A.B. asks: 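Structure provided below as structure tokens; questions to follow.
In this text the structure is predicted, and so the values were computed from the model without any measurement.
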Amino acid sequence: MNLSILIPLLNEEESLKELYSWIIKVMQENRYSYEIIFLDDGSTDDSWSIIQGFAAENAHVKGIRFMKNFGKSQALHAGFAKAQGDVIITMDADLQDSPDEIPGLYEMITKEKFDLVSGWKKKRYDSVVAKNLPSKLFNWAARKTSGVELNDFNCGLKAYRNVVVKNIEVSGEMHRYIPVLAKNAGFGKIGEKVVQHQARKYGETKFGMERFINGFLDLITIWFLSRFGKRPMHLFGAIGSLMFIIGFLLAGYIGFSKLYHMYNNMRYSLVTNNPWFYIALTTMILGTQLFLAGFLGEIILRTKNNEERYKISNEINFL
């Protein structure tokens with residue numbers, strides 16, 4: 001199978017029919033073998049009924065419906081697990097991603113041998129203040145922190161080799177950082193393609209300004225996990241040990257200094273009257289706690305169970 005097209009959605013009943021017809025047109029023109037997987041993330045409108053109609057008339061259309069809204073990352077995780085195509089395309093359901101871009105993305109994966117190609121909506125039709133400027137700042141920070149040179153991490157239109165999506169773990173709100181996850185998993189050939197941005201035709205965006213705040217927090221998380229996620233003791237244990245040694249040496253110096261003054265009949269004060277004693281004590285306590293945090297982190301990593309992060313209520317056309 002050439003293509004798996006994954007479409008996460010939430011209350012997009014107005015745009016689904018137009019999007020579906022557009023995708024089918026592109027598939028037929030290019031004679032692709034394909035599957036379209038709609039990922040209904042807890043819609044409360046008629047989106048699922050529309051998807052059922054598509055699936056009834058076209059066996060290539062498949063659907064996954066979640067019991068409630070679990071988030072885009074969870075939807076993509078479920079879709080990646082089911083996808084069978086040689087190339088996986090992800091796109092949003094709001095018609096802001098153009099299906100006409102699919103052949104170009106497919107060619108970059110199959111002929112130019114990219115592991116992952118991310119869309120870049122260079123010319124946007126969003127609000128400059130509310131979306132464009134925060135997005136530019138967010139993407140700049142993501143590039144500097146992750147080392148992945150992409151101009152548009154937030155673009156939902158991306159293409160992947162099948163092996164890539166089968167070897168990354170998308171959780172929380174990490175869908176923005178799938179290229180970073182892919183790089184950390186060892187897939188180094190990551191490209192970018194300028195794609196057309198469509199002005200939103202129906203409804204309202206499901207994402208507000210909070211997505212940029214959450215995005216920066218997720219960026220810190222993914223930076224930490226990429227470096228110390230499998231070995232927390234290397235960070236917490238090292239810092240904790242260093243702090244404990246510094247505190248211990250400082251306390252030792254204070255104690256030795258008092259004994260020296262006593263032995264030479266010199267004037268001295270109580271150790272508890274020395275503020276450095278409390279600094280040393282606090283440093284040793286914090287160092288011990290950090291060391292224990294790293295130790296407990298190692299134990300949790302080795303004993304954790306991978307719990308299901310979402311609940312699926314319906315599936316259509318999956319064998």
A.B. asks: For the residue pair V148 and K183, what are the closest heavy atoms and their distance?
C.D. replies: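 Result for this residue pair: CG2-CD, 3.5 Å.
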
A.B. asks: So, taking the atom named CD1 in I312 and the one named CZ in F318, what distance separates them when rounded to the nearest 0.5 Å?
C.D. replies: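 One gets 8.5 Å once the value is rounded to the nearest 0.5 Å.
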
A.B. asks: What heavy-atom pair brings A78 and I64 nearest, and what distance separates the two atoms?
C.D. replies: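 Closest heavy-atom pair between A78 and I64: O-CD1, 4.2 Å.
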
A.B. asks: Kindly work out whether a path of hydrophobic side-chain contacts (I/L/V/M/F/W/Y, heavy atoms less than 4.5 Å apart) joins L290 to I279.
C.D. replies: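 Different clusters: L290 never reaches I279 through Ile, Leu, Val, Met, Phe, Trp or Tyr contacts under 4.5 Å.
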
A.B. asks: Starting from the C-alpha separation in whole Å, work towards a yes-or-no answer on side chain to side chain contact (heavy atoms under 4.5 Å, CB included) for Y310 and D41.
C.D. replies: CA-CA 10 Å; Y310 47 81; D41 192 20; over 6 Å; no

A.B. asks: Nearest 0.5 Å, what's the CG-OG1 distance between L242 and T283?
C.D. replies: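 Reported value, rounded in 0.5 Å steps: 10.0 Å.
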
A.B. asks: Under a 3.5 Å distance rule, please check whether H261 uses its side chain to pair with a backbone N or O of S257 as donor and acceptor.
C.D. replies: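 Looks like yes, one N/O pair under 3.5 Å.
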
A.B. asks: Can you confirm if the aromatic rings of F38 and F54 lie within a centre distance of less than 6.0 Å?
C.D. replies: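 Aromatic pair counts; centres sit under 6.0 Å.
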
A.B. asks: Mind checking the CD1-OG spacing from I7 to S15? Nearest 0.5 Å is all I need.
C.D. replies: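 Result: 9.5 Å between the selected atoms.
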
A.B. asks: Does OH in Y32 sit with more than 12 non-hydrogen atoms of other residues, nucleotides or ligands closer than 6.0 Å?
C.D. replies: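 More than 12 heavy atoms, drawn from other residues, nucleotides or ligands, come within 6.0 Å of this atom.
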
A.B. asks: Between I23, L19, L3, which is the residue that forms a side-chain contact (heavy atoms from CB on, under 4.5 Å) with I36?
C.D. replies: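 Going through I23, L19, L3 one by one, the side-chain contact (heavy atoms from CB on, under 4.5 Å) with I36 is satisfied by I23 alone.
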
A.B. asks: Any side-chain donor-acceptor pair under 3.5 Å between N58 and Y20?
C.D. replies: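 Distance-only check passes for N58 and Y20.
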
A.B. asks: In Å and rounded to the nearest 0.5 Å, what is the CD1 to CG distance from I254 to L249?
C.D. replies: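 I254 atom CD1 to L249 atom CG measures 11.0 Å (nearest 0.5 Å).
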
A.B. asks: The test is side chain to side chain contact (heavy atoms under 4.5 Å, CB included); show your working for H60 and N317 and say whether it passes.
C.D. replies: CA-CA 8 Å; H60 297 295; N317 281 349; over 6 Å; no

A.B. asks: When you check the gap from the basic side-chain N to the acidic O, do E315 and K82 get nearer than 4.0 Å?
C.D. replies: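 A salt bridge links E315 with K82.
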
A.B. asks: Give the minimum heavy-atom separation between L9 and S47, together with the two atoms involved.
C.D. replies: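 Scanning both residues, the minimum pair turns out to be CD1-CB, 3.7 Å.
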
A.B. asks: Do F291 and M243 have side-chain heavy atoms sitting under 4.5 Å apart?
C.D. replies: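 No, every pair of side-chain atoms sits at 4.5 Å or beyond.
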
A.B. asks: Examine distances only and state if a side-chain atom of E35 and a backbone atom of A83 form a donor-acceptor pair shorter than 3.5 Å.
C.D. replies: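 No: the side chain of E35 does not pair with the backbone of A83.
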
A.B. asks: Is there a donor-acceptor pair closer than 3.5 Å between any side-chain N or O of K166 and the backbone N or O of A81?
C.D. replies: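 Yes; at least one donor-acceptor contact below 3.5 Å.
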
A.B. asks: Closest heavy-atom contact between L181 and E169?
C.D. replies: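 Scanning both residues completely, I find the closest heavy atoms to be CD1-O, 3.6 Å.
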
A.B. asks: Pick one: which of Q96, K121, R176 meets side-chain contact (heavy atoms from CB on, under 4.5 Å) with C155?
C.D. replies: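 One option only clears the test, and that one is K121.
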
A.B. asks: Please tell me if the side chains of L157 and K193 come closer than 4.5 Å, counting only heavy atoms from C-beta onward.
C.D. replies: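 No; the side chains remain at least 4.5 Å from each other.
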
A.B. asks: For a quick test of reading the model, state the closest non-hydrogen atom pair linking A185 to I168 and the distance between them.
C.D. replies: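 That closest heavy-atom pairing would be CB-CG2, 4.1 Å.
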
A.B. asks: Taking it one step at a time, do N139 and D152 satisfy side chain to side chain contact (heavy atoms under 4.5 Å, CB included)?
C.D. replies: CA-CA 6 Å; N139 286 311; D152 191 357; 4.1 Å; yes

A.B. asks: Under a 3.5 Å distance rule, please check whether K158 uses its side chain to pair with a backbone N or O of F153 as donor and acceptor.
C.D. replies: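 Yes; judged by distance alone, with no hydrogens or angles, the pair exists.
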
A.B. asks: Under 3.5 Å, is there a donor on one side chain and an acceptor on the other for S118 and E192?
C.D. replies: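 Looking only at side-chain atoms, E192 and S118 do not form any donor-acceptor pair under 3.5 Å.
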
A.B. asks: With a 4.5 Å limit on heavy-atom distance, are the side chains of I178 and V170 in contact?
C.D. replies: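 Side chain of I178 against side chain of V170, heavy atoms only: contact under 4.5 Å found.
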
A.B. asks: Using side-chain contact (heavy atoms from CB on, under 4.5 Å) as the criterion, point out the one residue from N167, L6, N162 that pairs with F80.
C.D. replies: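 Only one option passes, and that is L6.
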
A.B. asks: Do D92 and K72 have side chains that get closer than 4.5 Å, going by heavy atoms?
C.D. replies: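 The answer is yes, as the side chains (C-beta and beyond) meet within the 4.5 Å cut-off.
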
A.B. asks: Under a 4.5 Å side-chain heavy-atom rule over Ile, Leu, Val, Met, Phe, Trp and Tyr, are L286 and I246 clustered together?
C.D. replies: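 No, it is not one cluster - the side chains of L286 and I246 are not joined through contacts under 4.5 Å.
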
A.B. asks: So, taking the atom named CD1 in I50 and the one named CD in E14, what distance separates them when rounded to the nearest 0.5 Å?
C.D. replies: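 It is 9.0 Å, given to the nearest 0.5 Å.
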
A.B. asks: Are N11 and T44 close enough that some pair of their side-chain heavy atoms sits under 4.5 Å apart?
C.D. replies: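 They are in side-chain contact.
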
A.B. asks: Side-chain heavy atoms nearer than 4.5 Å, only ILVMFWY residues, links allowed to pass through others: does that put W48 and I5 together?
C.D. replies: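 Cluster IDs for W48 and I5 match.
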
A.B. asks: Would you say V195 and W120 are hydrophobically clustered, going by side-chain heavy atoms of ILVMFWY under 4.5 Å?
C.D. replies: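 The answer is no; the residues belong to distinct hydrophobic clusters.
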
A.B. asks: Measuring only between side-chain heavy atoms, which start at C-beta, is D100 closer than 4.5 Å to Q196?
C.D. replies: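 Heavy-atom side-chain distance check fails, nothing below 4.5 Å.
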
A.B. asks: Minimum heavy-atom separation for M233 and F295, please, with both atom names.
C.D. replies: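 Taking M233 first and F295 second, the nearest heavy atoms are SD-N, 3.3 Å.
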
A.B. asks: Go through N2 and Y106 one step at a time and tell me if the side chain to side chain contact (heavy atoms under 4.5 Å, CB included) criterion holds.
C.D. replies: CA-CA 9 Å; N2 299 134; Y106 180 78; 3.3 Å; yes

A.B. asks: State the OH-OG1 distance between Y278 and T282, to the nearest 0.5 angstrom.
C.D. replies: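 If I round to the nearest 0.5 Å, the distance is 10.0 Å.
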
A.B. asks: With no hydrogens and no angle check, is any side-chain donor or acceptor of S43 less than 3.5 Å from a backbone partner on D45?
C.D. replies: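 No; judged by distance alone, with no hydrogens or angles, the pair does not exist.
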
A.B. asks: Just checking F256: does its CZ atom have more than 12 heavy atoms from other residues, nucleotides or ligands closer to it than 6.0 angstrom?
C.D. replies: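 No - once you tally the heavy atoms of other residues, nucleotides and ligands closer than 6.0 Å, there are 12 at most.
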
A.B. asks: Are more than 12 heavy atoms from other residues, nucleotides or ligands located less than 6.0 Å from atom NZ of K189?
C.D. replies: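 Enclosed.
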
A.B. asks: For atom CE of M1, is the number of surrounding heavy atoms from other residues, nucleotides or ligands below 6.0 Å larger than 12?
C.D. replies: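 It does: M1 CE has more than 12 such atoms within range.
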
A.B. asks: Answer with yes or no whether the hydrophobic clustering places I24 together with V87; edges join I, L, V, M, F, W, Y residues whose side-chain heavy atoms lie under 4.5 Å apart.
C.D. replies: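 Yes, one cluster joins them.
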
